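Just so you know, these numbers come straight off a predicted model, no measurement behind them. Whatever order the structure lists ligands and atoms in, that order sets their numbers, starting from 1.
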Amino acid sequence: MRYLPTGAQMKQGDQKTITEMGMPSMVLMERAALSVVEMMESEQLDLKKVLVVCGSGNNGGDGFAVARLLHLKGYAVDVWFVGKESSMTEETRLQKQIAVHYGVPVKERVGEDCYTVIVDAIFGIGLSRQVSGTYYNVIENLNQMDAIKVAVDIPSGLSADTGDVLGIAFAADFTVTFAFQKIGMLFGMARKLVGKLVTASIGIEPSVYDGRGDVCYTYDRTDLKNLLPARDPDAHKGNYGKVLLIVGSPGMAGAAYFSAKAAYLTGAGLVQIYTAKENQSNLQQLLPEAIITTYERYEEEKLKELLEWADVVGIGSGLSMSETAQHLLSTTVRCAKKPCMIDADGLNILSKDRALFEKLTPDCILTPHMKEMAGLCGHSVKELKEERFRYFQEFLGSIPSVCVMKDARTLVGRDGRPVYVNTSGNQSMAKGGAGDVLGGMITGLLAQKIEPYEAGTLGVFLHGLAGDAAQKKKGSYSVLASDILDGIAEVLTAESTEMILREKC
Ligand SMILES: NC(=O)C1=CN([C@@H]2O[C@H](COP(=O)(O)OP(=O)(O)OC[C@H]3O[C@@H](n4cnc5c(N)ncnc54)[C@H](OP(=O)(O)O)[C@@H]3O)[C@@H](O)[C@H]2O)[C@@H](O)CC1
Ligand SMILES: [K+]
């Protein structure tokens, strides 16, 4: 698990390390600078002539220390100080003095010199407003220079909170960020401007955020072994849960197939599909492992019987907005009394039926993409993209359920729990059927008695890993939902083989 702090949260982490651990700020700064130099050497950058551009804040202090370390290693380095003497921090003032004492040239302007590497230490996480005036011109100038560009902590001009460019931003080839990747680096323009990212450990430990519910986090592949439900050697299919999927209106057998197969592949014991009669023969051929039960019209008693049979329910994929679909959703939400994943048309119906919306329980998981989310929360997609965390948190505050807001960076949350930000997956997954697969996976995890919030976070993470496996085989254009299904098996096979090996050791 990795924390993804905002700029302000990172500053609190710095301060906690300084005041509670007794780690001097100058030591953190030294380690930060050492990690930048180490990256430049290990990447074998051409360090013939380096320009370090420093601002007045502590980011500038890191820059002065980088310049001194390079100078002491025998590289030709110039510092260009673009900040204001009057607003320098104590540490930066000291770093500047030390650099000067060691003989590092500090310039107030740079001429026609050619530099092979430019190090940007103008603004870090302390950037607090739009970049304008001289700073704007400096960054514009640097971006035009023909050299390898290295950013210290974060490219100057990029918001550590949102990934927005505040006026202009340094376009880095490499960024060395300290302690944690900042949340803004995952969104907006950041992915293009950060370049190759190195996260350097400088003595600020993850425990600085322990016990806080407000810092976002993500998973890495190494987390899987702690997240996946154990498989008991004495188990039978009943141990892994009975899934009821209420999916697929006439002609939408595909949605039913993808979600049911995904639930099975993720480990569910038994899957029953409740679908329109027209889909029966297709589904029987596509997925003989599933029980297929059909409807021609809404039958309340039949539905209640099925809800009674199931341990968990998934509803919505390809369901349509018909009257039958509305009855199916309404009865499910009101009567299921068990974990229930609501997707696609289920969400569209919900957004038009506020009385039903009020009936959501802590056992429900909603999985809207941005357009469906717009319908649910009443903000446009543009507004959601601009202030995704604000509106997501606001929505979570209005429901007792878990919400999985799907986008290039999917968010998972529940009121009172930290927001999970997904970092697995790739652009090849933007295809029809991918969402049905995710819904099936989450339902499959619920069936294995994983709590809704954890089923959401793990389901989204695994889905992304499955997409990454698919992209390795099919590239960025040709991945289909069926390739993501194959990816699930690939990821879980690799993981369970490792688990078996670990148990035998
Ligand atoms: N011990 C630690 O804390 C450690 C910190 N570390 C390093 O410190 C960095 C954070 O340092 P920081 O907090 O001093 O802020 P920083 O990003 O240098 O900039 C603030 C300065 O910029 C100014 N300013 C802001 N926006 C502006 C704008 N648009 N246009 C113009 N000016 C603007 C602002 O001015 P003000 O708002 O006060 O007027 C202030 O002078 C962090 O990223 C990491 O690199 C590491 O060494 C690890 C240990
Ligand atoms: K910077």
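- At a 3.5 angstrom cut-off on N or O pairs, Asn59 counts as close to ligand 1.
- Only one option out of Asp146, Asp46, Asp78 pairs with Tyr115 in a side chain to side chain donor-acceptor pair (under 3.5 Å); it is Asp78.
- Protein heavy atom at the shortest distance from atom 48 (C) of ligand 1 is Ile202 CD1, 3.7 Å.
- Residue Val152 counts as close to the K ion (ligand 2), with an N, O or S atom under 3.4 Å.
- Counting heavy-atom neighbours within 6.0 Å of Glu383 CD, excluding the residue itself, gives a total above 12.
- Centred on the K ion (ligand 2), the O atom of Phe123 and the OD1 atom of Asn59 lie at an angle of 70°, reported to 10°.
- At a threshold of 4.0 Å, the pair Glu38-Arg31 does not count as salt-bridged, since none of the basic side-chain nitrogens sits closer than that to a carboxylate oxygen.
- Of the protein's heavy atoms, Asp14 OD2, 3.2 Å lies nearest to atom 3 (O) of ligand 1.
- Remark: ligand 1 and Tyr135 share no N or O pair separated by less than 3.5 Å (distance only, no angle test).
- Remark: at the K ion (ligand 2), atom OD2 from Asp120 and atom OG from Ser156 enclose 60°, rounded to the nearest 10 degrees.
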Open item on the list: For a salt bridge (charged side-chain N to carboxylate O under 4.0 Å, His left out) check, start with the C-alpha distance between Glu386 and Lys382, then their side-chain angles and the critical distance, and finish with the verdict.
Closed with: CA-CA 6 Å; Glu386 280 168 3; Lys382 185 169 174 285; 3.1 Å; yes
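- The K ion (ligand 2) does not have Ala151 among its coordinating residues (no N/O/S atom, backbone or side chain, under 3.4 Å).
- The atoms of ligand 1 that sit less than 4.0 Å from any heavy atom of Ile18 are 1 (N).
- Relative to atom 26 (N) of ligand 1, the option among Ser128, Ala200, Gly157, Ala33 with the closest non-hydrogen atom is Ser128.
- Cation-pi check for Arg354 over Phe357 is met; the charged atom lies under 6.0 angstrom from the ring centroid and within 45 degrees of its normal.
- An N or O contact shorter than 3.5 Å is missing between Gly60 and ligand 1 by distance.
- Considering only non-hydrogen protein atoms, atom 35 (O) of ligand 1 sits nearest to Arg129 NH2, 4.2 Å.
- Summary of contacts: the protein heavy atom closest to atom 17 (O) of ligand 1 is Gly124 N, 2.5 Å.
- Each of the following atoms of ligand 1 lies closer than 4.0 Å to a heavy atom of Lys11: 13 (O).
- Annotation: side chain of Thr410 is in contact with side chain of Val404 (closest heavy-atom distance under 4.5 Å).
- For atom 43 (O) of ligand 1, the nearest protein heavy atom (residue, atom name, distance) is Asp153 OD2, 2.6 Å.
- With respect to Lys472 and Asp483, no salt bridge is recorded, no charged nitrogen being found less than 4.0 Å from a carboxylate O.
- For Tyr135 and Phe123, the ring centers are positioned less than 6.0 Å apart.
- Among the backbone and side-chain atoms of Asp153, none of the N, O or S atoms lies under 3.4 Å from the K ion (ligand 2).
- Enclosure of atom CE in Met21 is not indicated, since only 12 or fewer non-hydrogen atoms of other residues, nucleotides or ligands lie within 6.0 angstrom.
- Separation of the Tyr217 and Phe180 ring centroids does not fall under the 6.0 Å cut-off.
- Remark: minimum distance from atom 30 (N) of ligand 1 to any protein heavy atom is reached at Phe123 CZ, 3.7 Å.
- Within the cation-pi definition used here (under 6.0 Å to the ring centroid, within 45° of the axis), Arg414 does not qualify as a partner of Tyr453.
- Remark: Asp161 does not engage Lys182 in a salt bridge, criterion side-chain N to carboxylate O under 4.0 Å.
- Below 3.5 Å of separation, one finds an N or O of Gly126 facing an N or O of ligand 1.
- None of the N, O or S atoms belonging to Gly124 lies under 3.4 Å away from the K ion (ligand 2).
- Side-chain N/O atoms of Asp153 and Asn59 include no donor and acceptor closer than 3.5 Å.
- Looking from atom 1 (N) of ligand 1 to the surrounding protein, the closest heavy atom is Ser25 OG, 3.0 Å.
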Task: Steps toward salt bridge (charged side-chain N to carboxylate O under 4.0 Å, His left out) verdict (Arg2, Asp220) - done: CA-CA 7 Å; Arg2 272 192 292 133; Asp220 288 322; 3.0 Å; yes
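- Leu28 CB, 3.7 Å is the protein heavy atom nearest to atom 49 (C) of ligand 1.
- The heavy atom nearest to atom 44 (C) of ligand 1, out of those in Val82, Thr177, Asn58, Asp62, is found in Asp62.
- At least one protein heavy atom sits closer than 4.0 Å to atom 14 (O) of ligand 1.
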